[in-house]
Amino acid sequence: MTPTQLDAIIRVHQEKQASLVATLLRVMLGIWVPFSWAANRPDLVNASAAQSAVDVDLALAQVRRWARAEVIEQLRALDALPEKLPDLQDLYPRSGTPIVEVYKRPARQAEHALRQGATPEQAEAVLVERMTKIVEMDAVATIRDEKSIIHQAAPKVTGYRRILRPDLTKYGPCGLCIVAADRTYHTGDLLELHNGCVCDTAAITADADPGLSLNREDLDAIYEAAGGNFAEALQRTRVVVRENGELGPILVRDGNEFKTFDKAERQSKRGQSFTPYRRPSKTSNRTNWSAMRATSEKAILTLEDARREGRDLVSMTASSTPTKVADFDKAIGYHRALIARAQAHGA
């Protein structure tokens, strides 16, 4: 496989992935925007997170299949396909955290902005920015995980390398990716991620490393366009790898603050416990879906009891203050959708 062939394979699949991510983001914003914590809390916040889990799971399943299709095409061109492909497993890529909790975060951040004096428009912008980062990172992590599974199943693959994609960004790849562009990885290593990363990967065999030449061409073009000052600044950039409890290894600029597990727990206002990253498994996936299903089943009982008794003030948790239900039918429908999806996962 030549660098030109590799570039063509990556380009086609990344365009499709970008389309899937853009569609998922539109769906998420359709659920959450416009957002008003006072009007939506707590029934529609929890219910919206339940519907988000369904839509995210379905979308990431498509992202995973396109990632598999790309790596299969690469390995076929390298004559490195494994005799048998691993079974597809639609696992949420974050470790230890159910989807519903992740997709409440933009709403919580918007709520915090409102409490700090932000206007509704400013709080909505905060929500949109956080949601965009979460959706993009979930897609990137899913792609990384699926490629890692296939690489490990292919005996001829000795490793892989990060591939820059300057054509997919408005201002070119970030300094973190450029500095890390010469790194190669063993098949069992997970690619380090960071917000906004659009890098791809390319397999390496004993006979071929087409990504090396492709990266060299992109780096030469980047340095030539940016000039000497940019090159000197990059040479002074030091990149380190830190472990994120949900996403695994991430790239950070040396000297930038990074929150450790202990610090995260101390700062948590909800008493959360943070643990080291573990690759998601069928068991952990089923456990998370079972927990989400149980929560939605309890929410449905609470909402249906209130509606039957003619009450529009509901406490969704034992410690919460009763609040007015914005939309019984929508909230119940969202929770029922999650239960059906949990059943598809064997939960």
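Being a predicted model, the structure only gives us computed values, none of them experimental. All values below come from the heavy atoms of this structure, side chains included, with hydrogens, waters and symmetry mates left out.
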**Complete:** CE (M292) and CD1 (I339) are apart, to the nearest 0.5 Å, by 11.5 Å
**Asked** Do you see a donor-acceptor pair shorter than 3.5 Å between the side chains of T142 and E146?
**Response** no
**Asked** Can you name the nearest heavy-atom pair linking A337 to Q51, along with the distance?
**Response** CB-OE1, 3.6 Å
**Item:** Q17 CD to W66 CH2 distance, which is reported to the nearest 0.5 Å
**Value:** 8.0 Å
**Prompt:** So with a 6.0 Å cut-off around CG of D189, is the heavy-atom count from everything else above 12?
**Reply:** yes
**Fill in**
In this structure, OG1 of T187 is separated from OH of Y160 (nearest 0.5 Å) by 9.0 Å
**Message:** With a 4.5 Å cut-off on side-chain heavy-atom distances among I, L, V, M, F, W and Y, is there a chain of contacts connecting L91 to L247?
**Reply:** no
**Message:** Could you report the tightest heavy-atom contact between T205 and A80, atom names first, then the distance?
**Reply:** CG2-CB, 4.0 Å
**Item:** Ion pair check, R65 and D90, cut-off under 4.0 Å
**Value:** yes
**Message:** So, taking the atom named CG in L164 and the one named SG in C199, what distance separates them when rounded to the nearest 0.5 Å?
**Reply:** 5.0 Å
**Message:** side chain to side chain contact (heavy atoms under 4.5 Å, CB included) for N288 and Y92? Distances and angles first, verdict last.
**Reply:** CA-CA 9 Å; N288 281 338; Y92 186 53; 5.9 Å; no
**Request:** Kindly work out whether a path of hydrophobic side-chain contacts (I/L/V/M/F/W/Y, heavy atoms less than 4.5 Å apart) joins V33 to V102.
**Result:** yes
**Asked** When rounded to the nearest 0.5 angstrom, what is the spacing between CZ in R279 and OG in S284?
**Response** 12.5 Å
**Message:** For a quick check under 3.5 Å, do S95 and E246 share a side-chain donor-acceptor pair by atom type?
**Reply:** no
**Prompt:** For V128 and L29, what are the C-alpha separation, side-chain angles and deciding distance, and is it a side chain to side chain contact (heavy atoms under 4.5 Å, CB included)?
**Reply:** CA-CA 7 Å; V128 171; L29 296 181; 4.0 Å; yes
**Item:** Worked check of side chain to side chain contact (heavy atoms under 4.5 Å, CB included) between L114 and Q122
**Value:** CA-CA 8 Å; L114 289 169; Q122 290 170 330; over 6 Å; no
**Prompt:** Hey, are K147 and E70 close enough for a salt bridge, meaning a charged N less than 4.0 Å from a carboxylate O?
**Reply:** yes
**Request:** Test T132 against E136 for side-chain hydrogen bond (donor to acceptor under 3.5 Å, both in side chains), laying out the working first.
**Result:** CA-CA 6 Å; T132 300; E136 291 177 347; 5.9 Å; no
**Request:** Determine the minimum heavy-atom distance between A203 and Q74, stating which atoms define it.
**Result:** N-OE1, 3.4 Å
**Asked** Is there a donor-acceptor contact under 3.5 Å linking the side chains of H345 and D57?
**Response** yes
**Asked** If you draw a 6.0 Å radius around CD in E309, do more than 12 non-hydrogen atoms from other residues or ligands fall strictly inside?
**Response** yes
**Request:** Evaluate the criterion side chain to side chain contact (heavy atoms under 4.5 Å, CB included) for residue pair Y185 and R183; output intermediate values, then yes/no.
**Result:** CA-CA 7 Å; Y185 305 83; R183 296 185 179 184; 3.8 Å; yes
**Request:** Check whether L338 and V27 end up in the same hydrophobic cluster, where Ile, Leu, Val, Met, Phe, Trp and Tyr are linked by side-chain heavy atoms less than 4.5 Å apart.
**Result:** yes
**Prompt:** Under the 3.5 angstrom rule, does the side chain of T295 hit a backbone N or O of A291 as a donor-acceptor pair?
**Reply:** yes
**Asked** Can you find a pair of side-chain heavy atoms, one from P106 and one from I134, that are under 4.5 Å apart?
**Response** yes
**Request:** Salt-bridge test for K133 and E129: reply yes if a basic N is under 4.0 Å from a carboxylate O, no otherwise.
**Result:** yes
**Message:** I need the minimum non-hydrogen distance between W32 and A49, along with the two atoms involved.
**Reply:** CZ2-N, 3.5 Å
**Request:** Decide whether S296 and H335 meet the rule of one side-chain donor and one side-chain acceptor closer than 3.5 Å.
**Result:** yes
**Message:** Could you check whether E73 pairs with R68 (Lys NZ or Arg NE/NH1/NH2 to Asp/Glu carboxylate O, under 4.0 Å)?
**Reply:** no
**Prompt:** Does the side chain of N244 reach to within under 4.5 Å of the side chain of Y277, using non-hydrogen atoms?
**Reply:** no
**Message:** A side-chain contact here means heavy atoms from C-beta on lying under 4.5 Å apart; do V140 and V21 qualify?
**Reply:** no
**Request:** Would you kindly confirm whether L58 and I99 end up in one hydrophobic cluster when ILVMFWY residues are joined by side chain heavy atoms under 4.5 Å apart?
**Result:** yes
**Item:** Sidechain N-carboxylate O distance under 4.0 Å for R308, E304
**Value:** no
**Asked** Given the rule in the salt bridge (Lys or Arg N to Asp or Glu O under 4.0 Å) test, do D329 and R307 qualify, once you have shown the distances and angles that lead to the verdict?
**Response** CA-CA 10 Å; D329 289 336; R307 182 166 60 179; 2.4 Å; yes
**Message:** Using side-chain heavy atoms (C-beta onward) and a distance below 4.5 Å, is R162 in contact with T184?
**Reply:** no
**Request:** Apply side-chain hydrogen bond (donor to acceptor under 3.5 Å, both in side chains) to R26 and T23, showing your working.
**Result:** CA-CA 5 Å; R26 285 196 298 271; T23 299; 3.2 Å; yes
**Message:** Are R242 and E192 packed together at the side-chain level, in the sense that at least one heavy-atom pair is separated by less than 4.5 angstrom?
**Reply:** no
**Message:** So V56 and L24, do their side chains get closer than 4.5 Å, heavy atoms only?
**Reply:** yes
**Check: D55 and I31 side chains under 4.5 Å, non-hydrogen atoms** = yes
**Request:** Would you name the heavy atoms of Y334 and A50 that are closest together and state the gap between them?
**Result:** O-CB, 3.9 Å
**Asked** Any luck finding a side-chain donor-acceptor pair between D138 and Y103 under 3.5 Å?
**Response** yes
**Asked** For L81, which of I72, I150, V71 qualifies under side chain to side chain contact (heavy atoms under 4.5 Å, CB included)?
**Response** I72
**Prompt:** Side chains of L75 and P82: closer than 4.5 Å at any heavy-atom pair?
**Reply:** yes
**Request:** Salt-bridge test for E111 and R108: reply yes if a basic N is under 4.0 Å from a carboxylate O, no otherwise.
**Result:** no
**Prompt:** Applying the side-chain hydrogen bond (donor to acceptor under 3.5 Å, both in side chains) test to S148, which of R144, H151, Q152 qualifies?
**Reply:** Q152
**Prompt:** How long is the span from the CG atom in L212 to the CG atom in L6, to the nearest 0.5 Å?
**Reply:** 11.5 Å
**Message:** If hydrophobic clusters are built by linking Ile, Leu, Val, Met, Phe, Trp and Tyr wherever their side-chain heavy atoms come under 4.5 Å apart, do L78 and I204 end up in the same one?
**Reply:** no
**Complete:** Of all heavy-atom pairs linking P3 and S213, the shortest is CG-CB, 3.5 Å
